[in-house]
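To keep things clear, I will list the structure first and then write my remarks on it.
Residue numbering restarts at 1 for every chain, and letters A, B, ... go by the order of the sequence lines. Excluded from the calculations below are hydrogen atoms, water molecules and symmetry mates; all remaining heavy atoms, backbone and side chain alike, are included. Owing to the predicted nature of the structure, the values given are computational and were not obtained by experimental measurement.
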Amino acid sequence: MDASDRTAVLIRARQGDEDAFGALVQQHSHRVFQLAFRMLGNEQDAEDVVQESFLRAYRQLGRFQARADFGTWLYRITANCAVDMMRTREHRLRQRTDPIDEASINAQTEGPSPERMAEGAQLGTVVENALHELTAVERAAFTLRHHDGRSIDEICRTLNLGKSAAKHAVFRAVRKLRVALAPFRNLSNVEAKS
Amino acid sequence: MTLTPSSEAPVDMSGHMTDEDLVLLFYGESAQPASVHAHLASCAACAAEYAAIAETLALVPAVTSPERGDHYGLEVWQRLRPQLPARGVLWTLSPARWRMQLGLAAAAVLAIAAFAAGRYWTPQEAAPVQAVNSAADAGAEERARLMAIADHLERSERVLLEVTNADGPFVDVSSQQEWAAELVDANRLYREAATQAGDAPIAAVLDELERNLLDIVHAPSKLTPTDLDNVRTRLDAAALLFKVRILSNDLRDRETAPVVPVPVSRKTT
């Protein structure tokens, strides 16, 4: 599909043509899923965000500026849907009171034993647990900066944050990751020296 | 952090760089990369700090998302399509075109109001043929008015449902607020026209609807569970969704009902 075709599809979609919107969905689904998964780290949540993002895009299509880039616009919607999903997860986590869940949360914050840390496969789990400890905005800003290579300015525009808020969300995320990953860093230093 | 000349690295009171500046350097967003590197070359403490940050961030693995097949886009669309809300033409319009449409709607409402006024004043000298034509026109215009109000009520119901069905610790309702703001403008026109036409039941529901739409417009854009509960309680107390749905169905029924010609008395000579 060339640029003029894409524009024509967009115009038809904005006029309420469902098939045209379907073409946009099919064109962008992979990228939306990948972004949602990078931000959430969970396949089912990412699928839910894909659905919600396209629904929001459909509802807001009338406000989309035709000269803007649809992919960029959809990227912002997806990132914000993912933030909402993270907030919902945070809320659910806070509401859980059963001892099994508390134990698992404690296990996450205490971290694995040195023996288990030595296992390379544990690193991914610890990183994922550490990311879960971040607030929704910290995780979103960190993911966009670290994994997606977005500049602070782009993060501001994507998440509707001020520059200072976006920077500090990234800084706080890095600080928390440093604490969580310190044992691994020490371990790799020991290995390097031996 | 102290302010330093642009050629010098940004250092704090102790003469070292902040973690924040080192993180920015790592991500290539330092405002003065050359001077920061020069500082790191001469400051072992900052160099060690930077190495620790870089090492930590290097431990965060790249995220590989699970594979999705070639037909994934089609699968998403097939799941999504049944969930798409119905979209009227007005829904797809930009704010500028919305204003234009509202202008047209206002003109239509004035025409309907003029018709409604004329409906109760039939010139005694009117010829029978004119009277029959007038009755047919009246029926068509009345149906158009009812249809427009029914469409408006259905759109309003969708906004109310979206807000009341929202769930989460901080629900962003900014898009629903924009939508509600647009509906408030249209609602005002329909309400005034209904009042002028003497449709008290319609005017009453539209009045209540307008107040609730305004509540949504003026609420915070991120609602807490308590805010959402308050909205639901207000709507439940007024039974507004129920009233909107009943009125919308009633208008649809009236819209499809056969037109009963207005009896016109023939002047005897």
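There is no contact between A/Arg56 and chain B, counting heavy-atom distances below 4.5 Å. Residue A/His147 touches chain B through its side chain alone, counting heavy-atom pairs closer than 4.5 Å. Proximity to chain B is absent for every atom of A/Arg31, based on heavy atoms less than 4.5 angstrom apart. Proximity to chain B (any heavy atom under 4.5 Å) is restricted, for A/Val170, to the side chain, taken from C-beta onward. In this structure, chain A has heavy atoms under 4.5 Å from both the backbone and the side chain of B/Arg79. Residue A/Gln34 touches chain B through both its backbone and its side chain, counting heavy-atom pairs closer than 4.5 Å. Interface remark: B/Gln83 contributes backbone and side-chain atoms alike to the contact with chain A (heavy atom separation under 4.5 Å).
For the residue pair A/Asp48/A/Gln44, the side-chain donor-acceptor check at 3.5 Å is satisfied.
Contacts with chain B (heavy atom to heavy atom, under 4.5 Å) involve no residue of residues 71-80 of chain A.
Residues A/Arg87 and B/Asp172 are not paired through a salt bridge, judged by the lack of any N-O separation under 4.0 Å between the basic side chain and the carboxylate. Looking at A/Glu154 and A/Arg145, no side-chain N of the basic residue comes within less than 4.0 Å of a carboxylate O on the acidic one, giving no salt bridge. No salt bridge links A/Arg178 with B/Glu55; every basic N to acidic carboxylate O contact stays at or beyond 4.0 Å. Under a 4.0 Å N-O distance rule, the pair A/Arg59/B/Glu162 qualifies as a salt bridge. Remark: B/Glu210 engages B/Arg188 in a salt bridge, criterion side-chain N to carboxylate O under 4.0 Å.
Your options are A/His30, A/His28, A/Gln60, A/His168, and the one with the most heavy-atom pairs under 4.5 Å with chain B is A/His30. By number of non-hydrogen pairs under 4.5 angstrom with chain A, the leading residue of B/Pro66, B/Pro61, B/Ala58 is B/Pro66.
Formation of a donor-acceptor pair under 3.5 Å by the A/Gln26 side chain with backbone atoms of A/Ala23 is not found in this model.
The closest side-chain heavy-atom distance from B/Thr224 to B/Asp229 is not below 4.5 Å. With a 4.5 Å cut-off on side-chain heavy atoms, A/Lys167 and B/Glu20 do not count as touching.
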Take B/Asn249 and B/Arg245 through the test side-chain contact (heavy atoms from CB on, under 4.5 Å) and record every step on the way to the result. CA-CA 6 Å; B/Asn249 291 341; B/Arg245 202 167 299 144; 4.2 Å; yes

